[in-house]
Amino acid sequence: MKSTFPPVEEQLARLKGSVAPVEIINEEELTARLERSRAEGRPLRVKQGFDASAPDLHIGHAVSLWKLRAFQELGHTVIFLIGDFTGMVGDPSGRSKTRPRLTREEVEANAQTYRDQVSRVLDPDKIEIRYNSEWHGERDIYEFLDLVSRRTVARILERADFRKRLQADDDISILEFLYPLIQAYDSVALEADVELGGTDQKFNLVMTRQIQRAYGLEPQVLLLMPLLRGTDGNKKMSKSLGNVIDITDPPEEMYGRVMSISDDLIEEYYRLTSGLSSAEVEAKLTGGDPYKLKHELARMIVARYHDEKAAGEAGEEFLARFRQHEWPTVEELIAKGNVAKIKSEHVWLPAIIHEIGATRSKGEAKRLIAEGAVSIDKKRISIEDLYTSKSEDVDPHLSGVNQARREIREGKLKFPRTVQNQTPFVLKVGKRRFYLIYHDEEQLKRHS
RNA sequence: GGGGAGAUUCCCGAGUGGCCAAAGGGAACAGACUGUAAAUCUGUCGGCGUAGCCUUCGGAGGUUCGAAUCCUCCUCUCCCCA
């Protein structure tokens, strides 16, 4: 049975609207494909690849997800390709050498989380999820060499990044060289008509076109989408750089993260993440006060991935928390799961901070305390608070070896002192990390 | 296959026998100031209970009272030649 599609003009307008692709390679081909699809009643196969080993999608990824959604709404087929095979062999950026091999179960678990996340933007019933191990996993070396033989080194060296590293005498592994080819084959296997990707993927995506031609297929159309910079305003949004806003972040978190973007990013975020048309963005931005603009943006973004109500509440909470410097209540911390149990009430504070995972070492915890970054129940802890000259306050977990020393110094020097507060108490570490520390379950139950 | 250069703490990079847990810069973190922004200033930035002690300078041995620094072998990277 044949599907019907809107007129090509209308489709094109839709695909180029809202967040426009930075580049379409190329537009005539896209028009031609759309026309043919309409004439034949055959939906286009629109593909985007995702990394199987990093299954958290952020609002930068969402830029192209929304574009995929436009395709979906126009009646085309969206293929969500999970690069489980390529994820297993390595990383093309040259940063990390080899990634840990993913097991079948991990891949499936990641695929499931992808599906959940993607459904916040796309219609989950209309996604074809595929894995590139389907074809690469089966491949023998002859087929592989056949693929490799279709390109030359010079072609690969066209990539600016390789040229640069070559000039800088940096190393490039052969695997990295092969990576674009392996990836390119995915589009051959999927018979993709269109592929979406970030502009940073341009080289790899152009390679897919060349490889498709080499296999006698019509090259796919590329929609290169703009990259969103991370909340720090310097680098691209990336989990490893810690400057992300995940599409699954809870409302308050999301709101707060939007508020923390640098001012230079306001326009970029409005354009790429708000869902407004460029005319609307234009209108908003002229003469707007950055602080207000950010609030408005935060509200829109939260509403997009949660709903209006959540966005409103997140906004109010934000104001309460950060304008009036309120601490979250015990109930809120419990609700969010920012709760940590300690073994005993008699534990040295840096040990607690370390134990709950707020710092990488006790030394770091101590440093933070010295810097005035740690508070308990709204009272700032100073380094002196950590020590006592009364041995009954000493952390009893500090064992035998130290016991002797402790005795020697009794009366003269100071010892680590256990937390003086009754549990449960609220511990603040750094600017925005709060933990409810408790010792026995009963204490918690009283609150929930 | 031959010749040369190199591997330092998250990154870049100094250090060529004790003064080195290792300069400097970047990143990061914290405090002050603020709008959870930027800029700025200040501080921190291997691990331990403040003390000294432990572990770290590609890997394994060795020389030495003492090694990131010297020697041997190994691994890896880059350059030039074939």
Under-4.0 Å side-chain N/O to phosphate OP1/OP2 contact, A/K366 with B/U50: yes
A/R360 side chain N/O closer than 4.0 Å to the phosphate oxygens (OP1, OP2) of B/C10? no
Any side chain to side chain donor-acceptor pair (under 3.5 Å) involving residues 358-371 of chain A? Give me the pairs, sequence neighbours left out, ordered by first then second residue. none
Quantified in whole Å, what is the C1' atom distance between nucleotide B/U63 and nucleotide B/C71? 7 Å
Nearest-Å distance once atom C1' is located in both B/U75 and B/G25: 31 Å
Proximal nucleotide (of B/A30, B/U44, B/G35) relative to the A/R367 side chain: B/U44
Of the listed nucleotides B/A27, B/G49, B/G31, the one nearest the side chain of A/K235: B/A27
Nearest-nucleotide comparison on RNA chain B, the residue closer to the 5′ end among A/Y291 and A/A373: A/A373
Phosphate-side-chain proximity, A/S361 and B/G46, N/O vs OP1/OP2 below 4.0 Å: no
Same-atom distance (C1') from B/G66 to B/C20, integer angstrom: 13 Å
Given atom CG of A/D289 and atom C1' of B/U34, what is their separation to the nearest angstrom? 14 Å
Which nucleotide in B/U50, B/A30, B/A37 has an atom nearest any side-chain atom of A/R432: B/A37
Between CG of A/N243 and C1' of B/A27 the distance, given in whole Å, is 12 Å
For B/A7, what is the paired nucleotide under Watson-Crick or G-U wobble rules, both distances under 3.5 Å? B/U75
Against the side chain of A/S262, the closest entry in B/A38, B/G35, B/G49 is B/A38
Does this structure show an ion pair linking A/R69 with A/E73, if we count only N-O contacts that are shorter than 4.0 Å? yes
Roughly how far apart, to the nearest Å, are B/G58 and B/U50 at atom P? 30 Å
Tell which nucleotide pairs with B/G1, taking only Watson-Crick or G-U wobble pairs whose two distances are both under 3.5 angstrom. B/C81
Tell me: CD1 of A/I353 to C1' of B/C29, nearest whole Å? 14 Å
B/G4 versus B/G13 - spacing of their C1' atoms, nearest Å: 22 Å
Candidate nucleotides B/U36, B/U50, B/U44, ranked by approach to the side chain of A/Y387 - the nearest: B/U50
Cation-pi check, A/R130 onto A/W135 ring (under 6.0 Å, within 45° of axis): no
Between A/Y255 and B/U36, does any side-chain N or O lie under 4.0 Å from OP1 or OP2? no
In terms of side-chain geometry, is the basic nitrogen of A/E176 or A/R159 positioned less than 4.0 Å from the acidic oxygen of its partner? no
CZ of A/R321 versus P of B/G35: gap in Å, rounded? 18 Å
Pairing check on B/G66: which nucleotide meets the Watson-Crick or G-U wobble criteria with it, both distances under 3.5 Å? none
Separation of A/L368 atom CG from B/G31 atom C1', in whole Å? 11 Å
Between B/G35, B/U36, B/G31, which one does the side chain of A/R380 approach most closely? B/G31
What integer number of Å spans the C1' atoms of B/C57 and B/U69? 10 Å
Closest-nucleotide ordering on RNA chain B, the 5'-leading residue of A/G430 and A/G363: A/G430
Base, sugar-phosphate, or nothing: which does A/K294 touch, judged by heavy atoms less than 4.0 Å apart? base
For A/F425, is there any backbone N or O sitting under 3.5 Å from a side-chain donor or acceptor partner on A/D377? no
With sequence neighbours excluded, residues passing side-chain hydrogen bond (donor to acceptor under 3.5 Å, both in side chains) with A/R229: A/E268
Under 3.5 Å on both distances, the Watson-Crick or G-U partner of B/A14: none
Across all strands, who's sitting opposite B/G46 as a Watson-Crick or G-U wobble pair, both distances under 3.5 Å? B/C54
Does A/Y255 have A/R299 sitting over its ring (NZ/CZ under 6.0 Å from centre, angle to axis within 45°)? no
Could you tell me the separation between the CE atom of A/M259 and the C1' atom of B/A37, rounded to a whole number of Å? 9 Å
4.5 Å side-chain heavy-atom contact, A/I245 and A/H58: no
Any-strand Watson-Crick or G-U partner of B/U40, both distances under 3.5 Å: B/A32
How far, in whole Å, is B/A7 from B/G59 if one measures between their P atoms? 13 Å
To the nearest Å, give me how far apart NZ (A/K292) and C1' (B/A37) are. 16 Å
Within 45° cone of A/F80 ring axis and under 6.0 Å: A/R115 NZ or CZ: no
Nearest-angstrom distance from the residue atom CG of A/D232 to C1' of B/A39: 16 Å
Looking at A/K47 and A/E195, is any side-chain nitrogen of the basic one under 4.0 Å from a carboxylate oxygen of the acidic one? yes
Between the protein and nucleotides 78-82 of chain B, which nitrogen or oxygen pairs are less than 3.5 angstrom apart?
residue, atom, partner, partner atom, Å
B/C78, O2', A/D169, OD2, 3.4

Could you measure between the two C1' atoms, the one in B/U16 and the one in B/U8, and give it in whole Å? 13 Å
